[in-house]
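Atoms within a ligand are numbered from 1 in the order they appear, just like the ligands themselves. Just so it is clear, the values below take in all heavy atoms, side chains as well, and ignore hydrogens, waters and symmetry mates.
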Amino acid sequence: MSVRRRGPRVAPEGAGYRRVAVVDSHTGGEPTRVVIAGGPDLGGGSVAAQGEVFRREHDRFRSAVVHEPRGSDVLVGALLVPPSDPTCAAGVLFFNNVGLLGMCGHGTIGLMVTLAHLGRLGPGEHRLETVVGVVTATLHPDRSVSVANVPSHRAARAVTVSVPGIGPVTGDVAWGGNWFFLVREPVWPLDLREVESLTDRSWRIRQAVNVQGFPEVDHVELFGPPQTAGGSSRNFVLCPGKAYDRSPCGTGTSAKLACLAADGRLAEDEPWVQESILGSTFQGRYRWVDRAKGLIQPTVTGTAHVTAEATLLLGESDPFCWGIR
Ligand code: PYC
């Protein structure tokens, strides 16, 4: 086969393409796709209000960016939007294969490294407005990022639910920017080869928890002993769209810190090294915001790597232009 340099061109696709500029990265193995240009205009206002417009009117854009054939179930998208809080450098909407996320720790680390890669920000503290509040991300000179997340807390301790096919499962319900059920018992081996059965169990647990009065829980977190030097714990996190988090999950680590603090198992400022199912790590610490209310300010530190700069082409004549869902 020879490839012609010049000559007649094939007919252009429909009325042409909509172009969406993205930068991809991964944080501890978990991918983030930051939309740099070509996203919808959400009309301004608070990031929470812009999130509502995005949810209501631009769901096919979300799908086009993260679903196959351009993405995959595990991909988390990040759309930069104008912040309403003048102290913030940017607003950001995080989304995945099923909808908007509240906050996203690995995504915030990916976003910061992406913006540094583009030369749009340098080392130091940067405030970001998300749909669930303002977070402060610090880009360190070694390109690691610390995210001071939204205040986190445990809502219920040692809840036991009966899970079909498993039996009794006991865990805590906690907020870390998303809602988590953090399983205490049983403890299963957290091995990458067991991902299918861990996914199946976590999905059943989520359904059982949500029919018993915790409808807000959208992530399930399993724990086991650490397997790397210096680790405090290993986790497996099932995300709302049934993909598992390749990273230790920033919001899940925040929820874990809230539980450890409430149980008196971790002191203020003491490091907690959370491993993912892949063995990648985040370091977490917390400060009390209100000890009586069990409210903490978690900070999660990790690193990300840029993997691609690309332009997504959205051609209306493509039957899968808006993603396979
Ligand atoms: O890091 O917070 C996180 C996260 C949420 C979903 C996937 N990653």
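Here the heavy atom of the protein found nearest to atom 7 (C) of ligand 1 is Asp245 OD2, 3.2 Å. Looking only at heavy atoms of the protein, atom 6 (C) of ligand 1 is closest to His219 NE2, 3.7 Å.
For ligand 1, none of its N or O atoms has an N or O atom of Ser247 under 3.5 Å away. Ligand 1 has an N or O atom lying under 3.5 Å from an N or O atom of His106, backbone or side chain. Annotation: Cys104 places no N or O atom under 3.5 Å from an N or O atom of ligand 1; distance criterion only.
Near Thr251, with a cut-off below 4.0 Å to any heavy atom, the atoms of ligand 1 are 2 (O), 3 (C), 5 (C). Of all the atoms in ligand 1, the ones that sit under 4.0 Å from a non-hydrogen atom of Gly250 are 1 (O), 2 (O), 3 (C).
Ring geometry for Phe54 against Phe95 counts as tilted: the plane angle lies between 30° and 60°, on a 0 to 90° scale. Taking the six-membered ring where the residue is Trp, Tyr286 and Trp288 present perpendicular rings, their angle passing 60° and hence far from 30°.
By the 4.0 Å N-to-carboxylate-O rule, Asp263 lies close enough to Arg184 to be salt-bridged with it.
Two rings, from His153 and Trp179, have their centers less than 6.0 Å apart.
Considering Ser232, Ser233, Ser247 in turn, Ser233 is the only one that fulfils the side-chain hydrogen bond (donor to acceptor under 3.5 Å, both in side chains) rule with Gln274.
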Open item on the list: Please determine whether salt bridge (charged side-chain N to carboxylate O under 4.0 Å, His left out) holds for the pair Asp200 and Lys242, giving the CA-CA distance in whole Å, both sets of side-chain angles, and the decisive distance to 0.1 Å.
Closed with: CA-CA 9 Å; Asp200 176 61; Lys242 221 176 179 179; 6.0 Å; no
